[in-house]
Amino acid sequence: MTSPRVAPPADTILDLTPDGARERLAQWVEERGLPRYRTDQLHRRLWVQPIATWNDATELPAALRAELDATFPLRRLKEELSELSQDGTRKFLWRLDDGEAIESVLIPSGTRRTLCISSQAGCALGCVFCATGLMGFRRNLSPFEIAGQVREVMLRDPAEKPSNIVFMGMGEPLLNWPAVDVSLTILNHPEGLGIGARHITVSTVGILPGMKKLAARPEQFRLAISLHAPTTERRLAIMPIEKKYDLHAVLDAATAFRKRITFEYVMISGKNDSDQDADALATLANKHGALVNLLPLHPGGAPGLEPTPLNRIKNFAGRLQARGVEAVVRRSRGLDIKAACGQLAGQRGTQ
Ligand code: SAH
Ligand code: SF4
C-alpha cells in the first residue's frame with residue numbers, strides 16, 4: 001500500500017468544524033470591535049446559506065466583505081464537468097487546487113436527493129472490480145474538499161441541496177479518518193449542513209481502527225460494509241484488504257454500531273454468486289441483522305470480470321429472502337455517463 005501523501009494544510013475556514021469556525025469568526029469580530037451579531041451573520045454564510053464569495057453576502061457592508069475576502073477566503077472546488085444521465089443522475093468532476101480530480105454523483109429519487117461523495121483522490125485498496133481501485137491512490141481529501149462537494153451542489157442551485165449523503169464515491173473514508181471525522185460534523189451539525197445522521201452513510205471495506213472511531217461518535221451515522229464475498233477465501237480473490245482485516249474481524253467490529261448495518265455485495269459471475277455463497281451470506285446477514293444490497297457489476301474494474309446475469313441475481317436474492325434476509329437488488333443509476341458505483345476514476349465520462 002502506498003503511504004498517503006499529505007493533503008494541503010487547513011488553509012480555509014471551511015476546513016474547521018462549525019464550532020471551530022464560529023470561535024475563529026467571533027474572535028475576529030471582537031478584535032475589530034464589530035457588533036457581536038456579525039458573527040452569526042458571517043457564520044451562516046459558510047454552510048447554512050452558502051455563498052461563492054463574500055461579495056455575495058449583500059447583507060454586509062462592502063468594506064467588510066472586501067476584508068473578509070482577504071482574511072477568510074472561501075475556497076471552491078472547480079467544476080470541470082457536470083454530466084446528466086438519461087435517468088436524472090448527475091455526475092460532477094471537481095478539479096482541486098493541486099490539479100487532482102474527484103467526483104460526486106447526485107442521484108434523485110422521489111423527494112430524496114442522494115449525493116455520493118468522495119473521501120480520497122483515488123484509492124490504495126485495489127479491489128479488482130473497482131475503477132477507483134484500478135487508478136491507485138493519489139491523496140487524502142481535506143475536510144473542506146469532502147463537505148465542499150455538498151456546498152458546491154448547493155451553490156449551483158440551493159433547491160438541489162442533498163437530503164442524503166453516502167460516502168460511496170472515490171476512496172476509502174476510514175483511511176482518511178481525521179478529515180472524514182471533521183466532515184461528518186460539518187454535514188450533520190445544525191450550523192453546518194444540518195443533514196440528519198441517519199441520512200449519512202459511511203461505506204467501508206472494514207478498516208478496523210476507523211470503524212472503532214466511527215462507532216465511538218455519539219451520532220447514529222449509518223454504516224455500510226462492502227462485503228462482496230461471504231468467506232475469507234472468496235473475498236481474498238477480489239479484495240486484497242482481506243489479508244489485513246479479515247471479514248470476521250470486520251463483522252465483530254460492526255457489532256459496536258447501534259443502528260442496523262448494510263452489506264454491499266457486487267455480483268460477479270463465478271466469483272461470489274453461487275448458491276453456496278448465498279447460503280453463507282445469509283448466515284452472516286442473519287447473525288448481524290444486516291440488510292443486503294446486491295449490486296450488478298458495472299464495467300470499469302479489472303478486465304475479465306463478468307457481471308452475474310440479472311435472473312441469476314434475482315435467484316440469489318430469492319435464496320437470501322427465503323432464509324429471512326432483507327435483500328434488495330439495486331437499480332444501476334447513471335451507467336451511461338460512467339457515474340455508477342465503482343466507475344469513478346476522475347475522468348471525463350466519454351474517455
Ligand atoms: N471504499 C469504500 C467506499 C467507496 S466504494 C467501499 O469500498 O465501501 C462504493 C461502493 O461501490 C462499494 O460498495 C463498492 O464495492 C462499489 N463498487 C465498486 N466497484 C463496483 C463495480 N464495478 N460495480 C458495482 N459496484 C461497485
Ligand atoms: Fe477502494 Fe472501495 Fe474501490 Fe475497493 S471498492 S478499491 S475500497 S473505492
Side-chain angles (χ1 to χ4, degrees), residues 1-2 4 89 91 102-105 107 114-141 146 149 165-177 180 183 200-208 210-211 214 221-229 235-245 247 250 254 261-269 271-273 290-308 310 313 328-335 338-346:
M1 227 182 283
T2 29
T89 300
K91 176 165 91 168
I102 56 163
E103 293 174 322
S104 321
V105 183
I107 310 156
T114 301
L115 188 69
C116 174
I117 59 173
S118 298
S119 56
Q120 300 181 311
C123 181
L125 297 185
C127 303
V128 297
F129 45 83
C130 174
T132 311
L134 211 59
M135 72 178 271
F137 180 69
R138 306 287 303 169
R139 71 163 169 85
N140 278 328
L141 301 186
I146 300 172
Q149 296 165 55
I165 302 292
V166 293
F167 281 79
M168 294 187 186
M170 294 165 74
E172 168 49 56
L174 297 187
L175 284 179
N176 183 16
W177 177 252
V180 167
S183 72
I200 301 172
T201 301
V202 177
S203 177
T204 180
V205 293
I207 305 297
L208 295 184
M211 286 178 76
L214 179 61
F221 298 115
R222 288 191 182 270
L223 180 71
I225 294 181
S226 285
L227 197 65
H228 307 309
R235 203 166 185 250
L236 258 182
I238 51 174
M239 298 173 71
I241 192 68
E242 178 71 14
K243 266 185 275 189
K244 185 154 186 190
Y245 302 120
L247 68 95
V250 170
I261 60 169
T262 302
F263 290 164
E264 303 290 314
Y265 200 98
V266 48
M267 303 281 307
I268 314 173
S269 184
K271 299 282 183 195
N272 62 2
D273 61 350
L291 304 170
V292 177
N293 273 338
L294 298 175
L295 315 163
L297 175 74
H298 301 136
L305 298 178
E306 290 296 327
T308 303
L310 193 60
I313 299 182
V328 181
V329 181
R330 285 275 156 215
R331 236 176 0 128
S332 304
R333 301 285 305 259
L335 266 180
K338 294 194 185 165
C341 288
Q343 294 195 301
L344 304 183

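Counting from 1, the numbers follow the sequence of the chain as shown. Just so we're clear, the structure is a prediction, and the values are computed from it rather than from any experiment. Counting convention: from 1, in listed order, for ligands and their atoms alike.
Side-chain contact between Met168 and Val105: absent, with no pair of heavy atoms (C-beta onward) separated by less than 4.5 Å. Contact of the Asn293 side chain with the Tyr265 side chain is not registered, since no non-hydrogen atoms from C-beta on lie closer than 4.5 Å. Between Thr262 and Val292 there is no side-chain heavy-atom pair separated by less than 4.5 Å.
Residue Ser226 holds the heavy atom nearest to atom 12 (C) of ligand 1 of all those in Ser332, Ser226, Gly169.
Using a non-hydrogen distance threshold of 4.0 Å, Ala131 does not register as a contact of ligand 1. Judged by the shortest distance from any of its heavy atoms, Pro296 lies inside the 4.0 Å radius around the atoms of ligand 1. For the pair Met170 and ligand 1, no heavy-atom separation below 4.0 Å is found.
At a heavy-atom distance under 4.0 Å, atoms from both the backbone and the side chain of Leu297 approach ligand 1. Residue contacts with ligand 1, taken as heavy atom pairs separated by less than 4.0 Å, involve Glu264 solely via side-chain atoms from C-beta onward. Residue contacts with ligand 2 for Cys127 involve both N, CA, C or O and side-chain atoms from C-beta outward (heavy atoms, distance under 4.0 Å). Contacts between Thr132 and ligand 1 below 4.0 angstrom, taking non-hydrogen atoms only, are absent altogether.
No side-chain donor from either of Ser203 and Glu264 sits under 3.5 Å from a side-chain acceptor of the other.
Residues Phe129 and His298 place their aromatic rings such that the two centres sit no closer than 6.0 Å.
Annotation for ligand 2: atoms under 4.0 Å from non-hydrogen atoms of Gly133 are 6 (S). Interface atoms of ligand 2 facing Val205, defined by a heavy-atom separation under 4.0 Å, are 7 (S). Heavy-atom contacts of Phe167 reach the following atoms of ligand 1: 3 (C) (cutoff under 4.0 Å). Residue-ligand proximity, Leu125 to ligand 2, at heavy-atom distances under 4.0 Å covers atoms 7 (S). Close approach of ligand 1 to Gly171 is summarised as follows: ligand atoms under 4.0 Å from at least one heavy atom of the residue are 1 (N), 2 (C), 3 (C), 4 (C).
Under 2.8 Å from atom 3 (Fe) of ligand 2 lies no N/O/S atom of Cys123, from backbone or side chain alike.
No donor-acceptor pair closer than 3.5 Å links the side chain of Gln120 to the backbone N or O of Leu141. Between the side chain of Asn272 and the backbone N or O of His228 there is at least one donor-acceptor pair closer than 3.5 Å.
Phe167 pairs by the ring pair (Phe, Tyr, Trp, His ring centres under 6.0 Å) definition with nothing, not counting sequence neighbours.
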Please tabulate, for side-chain N and O atoms in residues 300-307, each donor-acceptor pair with protein atoms closer than 3.5 Å (sequence neighbours left out).
none

